[in-house]
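Heavy atoms only: backbone and side chains are in, while hydrogens, waters and symmetry mates are out.
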Number of protein chains: 2
Amino acid sequence: MAGRNARITKDTAYGYHTQMNVGSKPERTRLSAEDWEVAALGLIAEQGVGALAVEALARQLGVTKGSFYWHFRTREALLNAALERWEQYGEREIIDEIAQISDPRKRLPELFRRVAHELQPHRVYAALLKALDHPQVVPVMARVSQRRMEFLTTAYREAGLAPPQALNRARLTYAAYVGFLQLNFTLGLPRINHEEFEAYVEHMIATLIPA
Amino acid sequence: MAGRNARITKDTAYGYHTQMNVGSKPERTRLSAEDWEVAALGLIAEQGVGALAVEALARQLGVTKGSFYWHFRTREALLNAALERWEQYGEREIIDEIAQISDPRKRLPELFRRVAHELQPHRVYAALLKALDHPQVVPVMARVSQRRMEFLTTAYREAGLAPPQALNRARLTYAAYVGFLQLNFTLGLPRINHEEFEAYVEHMIATLIPA
DNA sequence: GGCAATCCATACTCAAGCGTATGGTAACCG
DNA sequence: CGGTTACCATACGCTTGAGTATGGATTGCC
């Protein structure tokens with residue numbers, strides 16, 4: 001009986017998953033493959049790909065392995081499904097919104113500020129960066145990173161940089177983004193505070209974006 | 001008898017470890033704790049912290065677990081010893097050399113170019129970046145990164161930036177460094193070639209270092 | 001050359017985690 | 001309302017890797 005009280009429910013949709021519903025009724029709805037994938041992404045975001053174990057996940061979901069192996073053939077299959085889900089739904093929104101800004105020169109600063117202010121969706125990306133030794137995640141990360149790099153490159157071209165400069169500036173910018181993820185909420189370097197962070201973002205904009 | 005032919009010897013000193021001495025005589029010298037630490041760093045650099053298993057290491061060194069547990073009390077102890085060794089001996093050289101350049105304005109470009117051209121010593125750092133979920137590596141990485149950041153910050157101040165700017169520029173620079181490590185020889189993004197890489201480094205210098 | 005200390009091999013135990021087999025229960029449908 | 005399907009529990013086997021026990025071999029030293 002004990003062990004049934006820590007559950008993850010589907011209504012805590014993608015970006016806001018891994019919310020315990022402590023205190024609410026057990027609401028013993030049966031699970032779908034999607035539930036497992038979402039929960040898997042939550043676990044990955046918090047503890048990394050290495051911590052993705054089926055029995056641990058089952059405990060979190062309030063069921064046993066018997067359930068899991070009905071929905072998936074193997075643990076590997078779950079990982080692939082979760083990664084695919086992340087690649088499909090987890091991204092794009094920001095890029096799409098930015099692309100609709102008319103003035104090309106305002107796109108990059110806006111992009112920087114947006115990304116800086118919603119770091120939550122980037123936790124999965126950060127976790128996957130640490131899991132590049134798992135062969136399954138490499139192609140996914142390669143595709144996602146490549147798409148973002150291309151978006152950045154054209155944005156820099158539209159902001160006035162010559163093609164070679166634009167490519168290199170995009171490389172630099174994206175590397176800074178990736179490095180920042182690692183150094184901050186992965187490693188916990190001297191915990192930068194809010195206003196200091198704002199200043200850092202503006203410094204980035206002033207340094208990396210051509211006037 | 002087979003299994004004795006793949007060994008790592010101590011003479012393959014730190015940065016050049018993990019060289020098999022195929023073809024040479026078995027030279028059955030007994031091992032020391034140092035040998036295990038060096039071999040561990042080699043394995044970490046190539047396959048990450050997660051791959052650090054004592055039986056695997058023993059196979060590489062041409063011995064069995066019996067040897068290992070004479071030198072170390074546990075696997076965890078080996079990891080700590082290896083990390084300490086890396087923190088002590090593995091770093092500093094570049095920083096020390098750079099600090100001796102008289103003209104402060106020439107220090108940063110020189111630093112960039114040096115770091116860019118000897119990426120080999122940075123493989124351990126890159127591997128450790130992916131292992132920040134292991135609680136043992138976090139403090140080590142925090143110390144090393146902090147030291148480097150401080151060095152960068154003073155270098156930027158000496159290059160003419162005001163203290164707040166210098167700190168933020170150092171953050172940006174170091175994040176770009178970390179991100180580059182991840183995106184390139186961890187993830188294998190569109191494999192940048194040599195001359196393109198040189199151009200990228202010069203672009204970094206032009207963008208990040210104040211004229 | 002013999003005795004310690006050092007280093008290593010062999011043979012175990014134990015826990016974790018994946019996957020399987022099979023039976024049980026809840027939902028849906030005719 | 002009886003049966004089929006979908007979902008889950010329980011109990012097992014198997015592999016991997018950490019750690020232990022103990023005896024054998026090698027080195028240094030007197």
Taking atom types as modelled, find out whether [X] and [Y] have a side-chain donor-acceptor pair closer than 3.5 angstrom.
| X | Y | result |
| --- | --- | --- |
| Thr74(A) | Tyr69(A) | no |
| Glu76(A) | His134(A) | no |
| Thr173(B) | Tyr156(B) | yes |
| Tyr174(A) | Arg148(A) | yes |

Could you check how far [atom1] of [X] sits from [atom2] of [N], rounded to whole Å?
| X | N | atom1 | atom2 | result |
| --- | --- | --- | --- | --- |
| Trp70(A) | dA27(C) | CH2 | C1' | 12 Å |
| Asp35(B) | dT6(C) | CG | C1' | 14 Å |
| Phe72(B) | dC7(C) | CZ | P | 12 Å |

Open item on the list: Quick check for you: to the nearest 0.5 Å, what is the distance between Tyr177(B) atom OH and Leu172(B) atom CG?
Closed with: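 Output value for this atom pair is 15.5 Å.
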- [ ] Find the distance between CD (Gln146(B)) and CG (Leu183(A)) and round it off to the nearest 0.5 Å.
- [x]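 That separation rounds to 10.5 Å.
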Open item on the list: If you compare every side-chain N and O of His71(A) against the phosphate oxygens of dC8(D) (OP1, OP2), does one of them come in below 4.0 Å?
Closed with: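 For dC8(D), OP1/OP2 do have a side-chain N/O of His71(A) under 4.0 Å.
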Identify the pairs formed between an N or O of the protein and an N or O of nucleotides 18-24 of chain C at a distance under 3.5 Å, and give each distance.
unit_1: dC18(C); atom_1: OP2; unit_2: Val54(A); atom_2: N; d: 3.3
unit_1: dC18(C); atom_1: N4; unit_2: Lys65(A); atom_2: NZ; d: 3.3
unit_1: dG19(C); atom_1: OP1; unit_2: Thr74(A); atom_2: OG1; d: 2.8
unit_1: dG19(C); atom_1: OP2; unit_2: Tyr69(A); atom_2: OH; d: 3.3
unit_1: dG19(C); atom_1: OP2; unit_2: Thr74(A); atom_2: OG1; d: 3.0
unit_1: dG19(C); atom_1: OP2; unit_2: Arg75(A); atom_2: N; d: 2.8
unit_1: dG19(C); atom_1: N7; unit_2: Lys65(A); atom_2: NZ; d: 2.8
unit_1: dG19(C); atom_1: O6; unit_2: Lys65(A); atom_2: NZ; d: 2.1

